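Reminder, nothing fancy here: chain letters follow the sequence lines and each chain counts from 1. Basis for what follows: all heavy atoms, side chains included, without hydrogens, waters or symmetry-related copies. This one's a predicted model, so the numbers in the text were calculated from it and none came from an experiment.
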Number of protein chains: 2
Amino acid sequence: MEQENFHFSDHNHENCKSAIIKTAEKRCEENGVRFTRQRRMVLEILAESHQAIGAYDILERFKPNAKSRTAPVTIYRALDFLIENNLAHRLSSLNAFVACSTTHNGLDAQFLVCKKCQYVAELSTNSLHKAIHKEAESAEFTVTSPMIEIRGICSTCKKS
Amino acid sequence: MEQENFHFSDHNHENCKSAIIKTAEKRCEENGVRFTRQRRMVLEILAESHQAIGAYDILERFKPNAKSRTAPVTIYRALDFLIENNLAHRLSSLNAFVACSTTHNGLDAQFLVCKKCQYVAELSTNSLHKAIHKEAESAEFTVTSPMIEIRGICSTCKKS
DNA sequence: AATGAAATGTTATTATGTTACATAAACATT
DNA sequence: AATGTTTATGTAACATAATAACATTTCATT
């Protein structure tokens, strides 16, 4: 079992996990895409925690429950699917992935990434969204996918 | 010769290049660190353009002027040095590097990255800096190194 | 010249991600 | 149910990015 770090005292992660899966089922239904066994398994692995996890680590956790031998490309394909459907995000600064845990309502995602515990808090704030688009606009730049990964130390790690 | 794309009509890149090297000489002097032949060569390669360039591409351009055979680690060591001394930046979203082309004055760096031409505009704006730190603060998060890479299409590419 | 610290050389290895092509499962149409 | 089509998965090899470990050289200072 990896490091546990529940940063919100009121955070019931079991609920959180099942909410992520339910959202996925619903969105796939709506979008007319298939939430297959493998895609579900990868999302479940991601949803186990709010820590970023690398593709090869996902692979290791995937193998025990796989029906046959599994290659990296299987994981990457599932991740591509999840990311396309906004069910997961890639953190470039870590070469790692997290389940999407917020609704974005058309706003960009932003991440607070703790260097110590790898905990990832997902934000989607209007103020940052606006600031980014305003700056881009004044450079006549058309934003498609901002990558906002704010690295630092979370409050829990700071205390210890 | 790689794709040229001078986005500023008033941008004399020869001046820009030599300014980058001059800044590096000065800063290394001040910091009491050595601006060696290899470090200079790597920075010169980066300063050739405002496009992001990968370590192995740098290596290819490095080899012709190298005194002996050169391995990847040589490039990475030079890059580490340049980044530590704020003379270059790593763009995580591209696994690539650019010469630092602005003064930051204590503000975080932000990048506008064109997906089409790989052109990188380096910003260091107060408004984005503030927005980031404000959001982090309200999550009791201590920022150390924000990674702000705004991907999209630059004005030049949009026209074409 | 002798010393110690920083920089570089050399080789191998690890980590991350993709290509190409074969097979199979799901879906729609007859 | 049989057929063809699309979508998903299996399999193996490959490509790209980055680091580890240890030997050697360079440089500034004694």
Side-chain angles (χ1 to χ4, degrees), chain A residues 24-25 27-29 31-43 45-46 51-85 87-98 118 147 149, chain B residues 24-25 27-29 31-43 45-46 51-85 87-98 118 147 149:
Chain A
E25 286 170 346
R27 185 165 317 149
C28 289
E29 178 76 37
N31 293 359
V33 293
R34 283 156 60 193
F35 194 45
T36 63
R37 180 184 146 81
Q38 306 208 18
R39 290 165 178 176
R40 174 188 294 266
M41 279 173 65
V42 169
L43 184 58
I45 291 167
L46 292 177
Q51 269 127 331
I53 172 171
Y56 282 75
D57 285 343
I58 296 171
L59 179 57
E60 286 317 302
R61 299 185 198 184
F62 186 97
K63 278 177 176 170
N65 299 312
K67 290 186 168 167
S68 57
R69 252 188 263 94
T70 310
V73 70
T74 298
I75 306 301
Y76 282 105
R77 288 200 275 227
L79 288 169
D80 286 346
F81 172 87
L82 295 171
I83 291 166
E84 257 170 37
N85 290 278
L87 297 166
H89 301 286
R90 176 168 203 276
L91 297 177
S92 298
S93 63
L94 298 173
N95 293 331
F97 305 85
V98 285
Q118 312 292 322
M147 321 267 296
E149 301 173 21
Chain B
E25 286 170 345
R27 185 166 314 151
C28 289
E29 178 75 37
N31 294 359
V33 293
R34 283 158 58 193
F35 194 45
T36 62
R37 180 184 146 82
Q38 305 206 15
R39 291 164 177 176
R40 173 188 294 267
M41 279 173 66
V42 169
L43 184 58
I45 291 168
L46 291 177
Q51 268 129 329
I53 171 170
Y56 284 75
D57 285 343
I58 295 170
L59 178 58
E60 287 317 303
R61 299 185 198 183
F62 186 97
K63 278 177 175 169
N65 299 312
K67 289 187 171 169
S68 57
R69 252 188 262 93
T70 310
V73 70
T74 298
I75 305 300
Y76 282 104
R77 287 201 275 229
L79 288 169
D80 286 346
F81 172 88
L82 295 172
I83 290 166
E84 258 169 37
N85 289 279
L87 297 167
H89 301 287
R90 175 168 202 276
L91 297 177
S92 297
S93 63
L94 297 174
N95 294 330
F97 304 85
V98 283
Q118 312 293 322
M147 200 215 76
E149 300 174 18

D:dT11 P sits how many Å from A:I75 CD1, rounded?
14 Å
Identify the heavy atoms of B:C28 and B:L87 that sit nearest to each other, and give their distance.
SG-CD1, 4.2 Å
Closest non-hydrogen atoms of B:A52 and B:V98, given as atom of the first, atom of the second and distance, are CA-CG1, 3.7 Å
Give the rounded distance in Å between these two atoms: CG of A:D57 and C1' of C:dA15.
11 Å
In whole angstrom, give the distance that lies between atom CZ of B:R40 and atom C1' of C:dA7.
16 Å
Mind calculating the distance between CD (A:E60) and C1' (C:dT16) to the nearest angstrom?
14 Å
Residues, nucleotides or ligands: over 12 heavy atoms within 6.0 Å of A:E25 CD:
yes
Tell me: NZ of B:K67 to P of C:dT10, nearest whole Å?
14 Å
Assess whether side chain to side chain contact (heavy atoms under 4.5 Å, CB included) is satisfied between A:L82 and A:F97, documenting all intermediate values.
CA-CA 10 Å; A:L82 295 171; A:F97 305 85; over 6 Å; no
For B:T70 versus B:K63, what's the shortest heavy-atom pair and its separation?
O-CE, 3.8 Å
To the nearest angstrom, the CD-P distance between B:Q38 and C:dT10 comes to 11 Å
With a cut-off of less than 4.0 Å, is there a side-chain N or O of A:S68 near OP1 or OP2 of D:dT9?
no
Ignoring the backbone of B:R39, work out which of C:dA7, D:dT9, D:dT11 is nearest its side chain.
C:dA7
Nucleotides 18-30 of chain D: protein proximity per nucleotide (B base, S sugar-phosphate only, - neither; heavy atom, under 4.0 Å)
BBB------S---
For B:R37 and C:dT8, what is the distance between atoms CZ and C1' respectively, to the nearest whole Å?
13 Å
Euclidean distance, atom CG of residue B:L59 to atom C1' of C:dT8 [Å, nearest integer]:
14 Å
Take A:V33 and A:E84, measure what side chain to side chain contact (heavy atoms under 4.5 Å, CB included) needs, and give me the verdict at the end.
CA-CA 11 Å; A:V33 293; A:E84 257 170 37; over 6 Å; no
